[in-house]
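Keep in mind that this is a model prediction, so the values were computed, not measured. All chains are named by letter (A, B, ...) in the order of the sequence lines, taking the proteins before the strands, and each is independently numbered beginning at 1.
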2 protein chains.
Amino acid sequence: MKLTEAKQQFISSWGAFGTHWGINRTMAQIHALLLVSPDPLTQDDMMEELNISRGNTNMNIRELINWGLVERVIIPGERKEFFTAEKDIWKVVRQIVKERKKRELEPMLDLLNKLEAVEGDKRDKNVRTFVDTISSIKKLGNQADKTLDVMIRAEENWFVGSMMKLFK
Amino acid sequence: MKLTEAKQQFISSWGAFGTHWGINRTMAQIHALLLVSPDPLTQDDMMEELNISRGNTNMNIRELINWGLVERVIIPGERKEFFTAEKDIWKVVRQIVKERKKRELEPMLDLLNKLEAVEGDKRDKNVRTFVDTISSIKKLGNQADKTLDVMIRAEENWFVGSMMKLFK
DNA sequence: TTGAATTTTCAAAATATATTGAAAATAATA
DNA sequence: TATTATTTTCAATATATTTTGAAAATTCAA
């Protein structure tokens, strides 16, 4: 397979993959393109490679910057802005985990804490089932929260290393 | 907070939560409703509780059954079908992990294997960056694959136990 | 069988999400 | 400062996804 074709396949399936994870197709595709590009790219480069509009490109680049996955690069003598993606996949994963934990897991735990305190007779099986379900999700969520914290703080490859020892 | 209100809040935020994970709102809401219901429910029960149509209810129940999260229950003497959800949250998580691994991770690894074999001169930095990126994603993906396999096969609470030991 | 209850299907409608593109804002240069 | 290049915004449009509901299929009991 030729590089051009391989690149296209990668970008397109990375995009499809993203949609299963609540990330929009274009954002994932821009990220994929930057991951396989040795040098920083401009908005126009991306528009051309991916056949998308200027506005779409711009919004999704900004979103990638918000997620901490892409950054602006100043190239001396160039008028246009360039962008590059973090290439270390472990850093990328840690960054995504960090953001999703903050955006999703933590608010969910806050809610569960409130809901666990529901009033009502514990002898009512509706109350009991509700409280039990909430408690067990909360317990799991707290575990995940701690585990992810350690992972986020961990050195590069730490997770791989630990997991290997544990699971070999 | 009263049970009815707490239940509604749980169902509605579980639905919103689901959309961040590529699961549709209704499917997540039905799942939430079944999780907090002590006894099996019929389609009509769910339609009423969630204010959704018969078709929608039916399709999403079937999807939940496909995912292995819900099952039909036969209640002697009853004409209608009843449904219930697995209440053990660890089993639920393991089941979801198992399915997503099969549906997403494994096909992605297959693709990466193909793409890694791209032809071209390794001295070309485009080729080099492409191959490096694909390899490192593949490496990470394989680690995740192994780790998840162990997790799926693990006894209940095994994961919590190990993680606690490891991260304490 | 027949008929009523129940479940399933799926085209059409509704809703939600993503994308465009041109105008406005901003930044860089002369 | 005026001019031009570049980036940003956002209403309108396009696309994708979800939901509805009525008809068809199935199941069950008499």
Side-chain angles (χ1 to χ4, degrees), chain A residues 11-34 40-67 69-84 103-104, chain B residues 11-34 40-67 69-84 103-104:
Chain A
I11 290 168
S12 125
S13 28
W14 204 247
F17 202 67
T19 59
H20 288 133
W21 291 88
I23 289 153
N24 93 37
R25 191 182 310 282
T26 305
M27 186 172 150
Q29 288 187 346
I30 292 177
H31 189 219
L33 173 61
L34 288 171
L41 302 181
T42 63
Q43 282 199 179
D44 292 83
D45 294 335
M46 301 179 209
M47 285 165 64
E48 190 175 346
E49 285 262 11
L50 304 175
N51 280 293
I52 53 178
S53 72
R54 183 172 303 285
N56 196 8
T57 310
N58 189 275
M59 283 173 121
N60 282 294
I61 290 173
R62 266 188 308 121
E63 194 59 12
L64 283 164
I65 292 174
N66 282 343
W67 275 80
L69 298 175
V70 163
E71 56 186 31
R72 265 170 240 266
V73 174
I74 308 292
I75 297 199
E78 291 280 1
R79 178 82 176 260
K80 288 185 182 176
E81 291 183 314
F82 286 73
F83 301 91
T84 190
R103 296 173 191 212
E104 297 165 33
Chain B
I11 290 169
S12 123
S13 30
W14 204 247
F17 202 68
T19 60
H20 288 136
W21 290 88
I23 288 153
N24 93 37
R25 190 181 311 281
T26 305
M27 186 170 149
Q29 288 186 347
I30 292 177
H31 189 218
L33 173 60
L34 288 173
L41 303 180
T42 64
Q43 284 200 180
D44 293 83
D45 294 334
M46 302 179 208
M47 286 166 62
E48 190 176 348
E49 285 263 9
L50 305 174
N51 279 296
I52 53 179
S53 71
R54 184 172 301 284
N56 196 8
T57 309
N58 189 275
M59 283 173 123
N60 282 294
I61 291 174
R62 262 187 311 121
E63 194 60 10
L64 283 163
I65 292 174
N66 283 342
W67 276 82
L69 299 174
V70 163
E71 54 185 34
R72 262 170 244 266
V73 174
I74 307 291
I75 297 199
E78 291 281 0
R79 176 79 178 263
K80 288 185 183 178
E81 291 183 314
F82 286 73
F83 300 91
T84 190
R103 295 173 192 211
E104 297 165 33

- Query: What is the distance, rounded to the nearest whole Å, between atom CG of B:Leu50 and atom C1' of D:dT18?
  - Reply: 15 Å
- In whole angstrom, what separates A:Asp44's CG from D:dA5's P? 13 Å
- Query: A:Glu63 CD to C:dT19 P: how many Å, rounded?
  - Reply: 13 Å
Contacts table for residues 49-56 of chain A: side-chain donor-acceptor under 3.5 angstrom, sequence neighbours left out:
{"unit_1": "A:Ser53", "atom_1": "OG", "unit_2": "A:Asn56", "atom_2": "N", "d": "3.2"}
{"unit_1": "A:Arg54", "atom_1": "NH2", "unit_2": "A:Asp44", "atom_2": "OD2", "d": "3.1"}
{"unit_1": "A:Asn56", "atom_1": "OD1", "unit_2": "A:Asn60", "atom_2": "ND2", "d": "2.8"}

- Query: When the distance from CD1 of B:Ile52 to C1' of C:dA13 is rounded to whole Å, what number comes out?
  - Reply: 17 Å
- Query: Would one find a side-chain N or O of B:Thr26 under 4.0 angstrom from OP1 or OP2 of D:dT19?
  - Reply: yes
Within the sub-3.5 Å range, which N or O atoms of nucleotides 26-30 of chain D have a protein N or O partner, and how far apart are they?
{"unit_1": "D:dT27", "atom_1": "O2", "unit_2": "B:Arg79", "atom_2": "NH2", "d": "3.1"}
{"unit_1": "D:dC28", "atom_1": "O2", "unit_2": "B:Arg79", "atom_2": "NH2", "d": "3.3"}

- Applying side chain to side chain donor-acceptor pair (under 3.5 Å), name anything that partners B:Arg79, two or more places apart in sequence or on another chain. none
- Query: When the distance from CD of B:Gln29 to C1' of D:dT19 is rounded to whole Å, what number comes out?
  - Reply: 13 Å
- Once each nucleotide of nucleotides 8-17 of chain D is scored for protein heavy atoms under 4.0 Å, what B/S/- sequence comes out, 5' to 3'? BBB-------
- Message: Quick check on DNA chain C: between B:Phe82 and A:Gly77, whose nearest nucleotide comes earlier from the 5' end?
- Response: B:Phe82
- Message: Looking at every non-hydrogen atom in both residues, tell me the closest pair between A:Gly18 and A:Ala28 and how far apart they are.
- Response: CA-CB, 4.3 Å
- Calculate the interatomic distance between B:Asn60 atom CG and C:dT7 atom P; express it in whole Å. 16 Å
- Message: Measure CD1/A:Ile75 against C1'/C:dA28 and give the value in whole Å, please.
- Response: 17 Å
- Report yes if the side chains of B:Arg72 and B:Phe82 come closer than 4.5 Å at any heavy-atom pair, otherwise no. no
- Under the salt bridge (Lys or Arg N to Asp or Glu O under 4.0 Å) test, which residues partner A:Glu48, sequence neighbours left out? none
- Quick one: A:Asp45 CG to D:dT7 P, roughly how many Å, whole number? 11 Å
- Note on the structure: Sequence neighbours excluded, the answer for side chain to side chain donor-acceptor pair (under 3.5 Å) partners of A:Thr42 is A:Asp45
- Query: Who pairs with A:Glu104 by side chain to side chain donor-acceptor pair (under 3.5 Å), at least two apart in sequence or on another chain?
  - Reply: A:Arg100, B:Trp21
- Note on the structure: Sorted by chain and number, sequence neighbours left out, ring pair (Phe, Tyr, Trp, His ring centres under 6.0 Å) with A:Trp67 holds for none
- Task: Please list, chain by chain and in numerical order, all residues satisfying salt bridge (Lys or Arg N to Asp or Glu O under 4.0 Å) with A:Glu71, sequence neighbours excluded.
- Result: none
